[in-house]
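All values below come from the heavy atoms of this structure, side chains included, with hydrogens, waters and symmetry mates left out. Start at 1 and go down the list; that is how both ligands and their atoms are numbered. Here the structure is a predicted model, which means the values were calculated and not measured.
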Amino acid sequence: MAGEKKIVPSQSVKDLLRAIPKVDAFLDWIGKDADAPQRLVKIEIRRLLDDERKAILSGKAYAKDDLAKESLLPKFAERLAHRLQPNFRTVINGTGVVVHTNLGRSILPEGAIESLMKVGARYSNLEFDLASGRRGSRYSLVENLLCDLTGAEAALVVNNNAAAVLLVLETLAKGREVVVSRGQLVEIGGSFRIPAVMAKSGACMVEVGATNRTHLHDYEQAITGETAMLLKVHTSNFKVIGFTSEVDLTEMVKLAQKHDLLVMEDLGSGCLIDLSPFGLPKEPTVGEVVRAGVDVVTFSGDKLLGGPQAGLILGKKEIIDRIKKNPLNRALRIDKFTLAGLEAILHLYFDEEQALEKIPTLAMMTMDPEVIKRRGARLLRRIKKELSGKCEVSTLNIESRVGGGAMPEHGLPSRAVILKPLDFSVNELERRLRSAPLPVIGRIEEDRFMLDMRTVGDHDVVELSHCLLQAFEVAIS
Ligand SMILES: *Cc1c(COP(=O)(O)O)cnc(C)c1O
């Protein structure tokens with residue numbers, strides 16, 4: 001049939017392979033237009049021609065026309081444009097998951113961003129004590145803030161909470177036993193599991209109790225001459241309900257003191273403010289854990305704290321001093337950008353109202369549903385008329401999630417903008433939005449595309465409306 005491609009016989013495979021343009025010929029086709037480094041252009045040309053070669057050899061339908069300048073140049077332009085975009089890009093989070101691990105967890109307030117830019121652009125006193133003129137320690141830059149905010153005697157900050165747990169166990173319990181409840185052997189996403197981290201630290205894990213219930217006497221019976229520590233892990237990302245019981249932290253502390261042992265809590269999310277007045281589940285705050293008398297507590301910087309990725313280690317001075325001296329610490333250390341962001345965030349916590357308003361993670365978690373509703377209405381006004389005949393557009397009350405493994409059972413009342421394309425599938429819409437220059441990430445439910453307006457910032461609405469119109473090839477006025 002005319003115009004239709006046929007499977008090519010082997011003789012023409014040879015012809016086709018010979019007809020593939022050389023890189024230099026391809027460069028001539030492009031001329032001087034390509035606004036990209038030559039080296040990258042050549043890499044992409046080679047890659048394209050390689051793919052064409054593979055297509056020919058695969059025996060799939062292929063015609064000589066496919067090797068013409070007219071077919072290859074547009075293909076190349078698209079690939080080059082794609083290649084010139086940074087790999088690491090910002091996206092619009094329409095998932096409603098506030099602490100979205102795959103989308104960068106917490107986002108920072110402007111003040112914290114300014115601090116990051118300053119220390120990036122200029123030299124700083126990262127490890128220089130301005131008072132004495134001698135070498136200083138990077139940890140001291142946030143230690144007093146953490147102590148004042150939580151009542152801890154000393155503090156240290158490392159790369160993330162997984163590193164914090166590893167470092168603490170390695171310092172305090174290597175070659176000795178750590179007693180932990182079977183109900184708390186959690187796995188956090190990305191293969192962080194308490195038993196595995198314990199093994200890496202060289203500590204010997206002693207499991208006690210049952211999945212649903214662990215009692216004080218379970219811990220007591222497990223204590224031997226080899227025991228170094230009682231560990232409590234906050235089960236932040238799952239819930240055991242029904243016939244359950246867990247030992248209170250103060251009880252664990254009392255038991256440990258009686259036997260001259262240490263107590264550690266891995267708090268996971270680590271909140272500095274009690275969010276229960278805002279209708280959120282009561283979580284122990286870092287201050288409460290410190291006051292319960294633990295020797296050391298660890299938590300993440302970028303979960304409920306709302307700061308940059310970091311692992312915070314707080315506790316008794318003598319204990320923290322030992323951890324600071326561990327050479328492993330050097331391998332897990334925090335970088336200067338994180339420190340700058342973290343200091344700015346911590347400052348905000350001295351005024352709780354300010355923290356709740358300015359720290360995006362806290363602001364989004366405690367947001368008035370009316371504000372979210374108005375944001376949805378604003379987006380709707382910008383797209384509804386333009387998309388008529390192309391897409392059904394509406395709003396719907398839904399529930400958002402905190403995310404980051406925190407408060408797993410708790411839904412936050414929210415509002416979504418719903419799209420149902422009329423001329424193509426909802427999966428195609430999802431793909432188009434995800435591939436846009438500013439990718440929009442939402443979710444598909446019941447064959448509709450949903451954008452939860454909680455995690456779409458007010459400042460994102462205009463850009464988001466443009467992305468949506470572009471996905472339907474509607475011109476933006
Ligand atoms: C999230 C979490 C971790 C890991 O923290 P990262 O900062 O992601 O390394 C460890 N323990 C608990 C209980 C957690 O919730």
- Message: I'd like to check Asn161 versus Phe192 (side-chain heavy atoms, cut-off strictly below 4.5 Å). Are they in contact?
- Response: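 Not in contact.
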
Q) Taking C-beta and beyond as the side chain, do Ser181 and Val247 meet within less than 4.5 Å on heavy atoms? A)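 No, their side chains stay 4.5 Å or more apart.
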
protein heavy-atom neighbour closest to atom 9 (O) of ligand 1 works out as Ala162 N, 2.8 Å

Fill in: Protein residue, atom and distance nearest to atom 1 (C) of ligand 1, heavy-atom basis
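The closest one turns out to be Lys303 NZ, 1.3 Å.
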
Any heavy atom of Asn161 under 4.0 Å from ligand 1? The part involved is both

Does any N/O atom on [X] come nearer than 3.5 Å to any N/O atom on ligand 1?
X      : answer
Arg105 : yes
Asp266 : yes
Ser300 : yes
Ala163 : no

Taking atom [atom1] as the centre, does [X] end up with more than 12 heavy-atom neighbours from other residues, nucleotides or ligands that are less than 6.0 angstrom away?
X      : atom1 : answer
Glu78  : CD    : no
Gln85  : CD    : yes
Arg193 : CZ    : no

With heavy-atom distances below 4.0 Å as the criterion, list the atoms of ligand 1 near His234.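 Here the atoms of ligand 1 in question are 13 (C).
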
The residue among Thr150, Leu149, Leu146, Thr298 that forms side chain to side chain contact (heavy atoms under 4.5 Å, CB included) with Val286 is Thr150

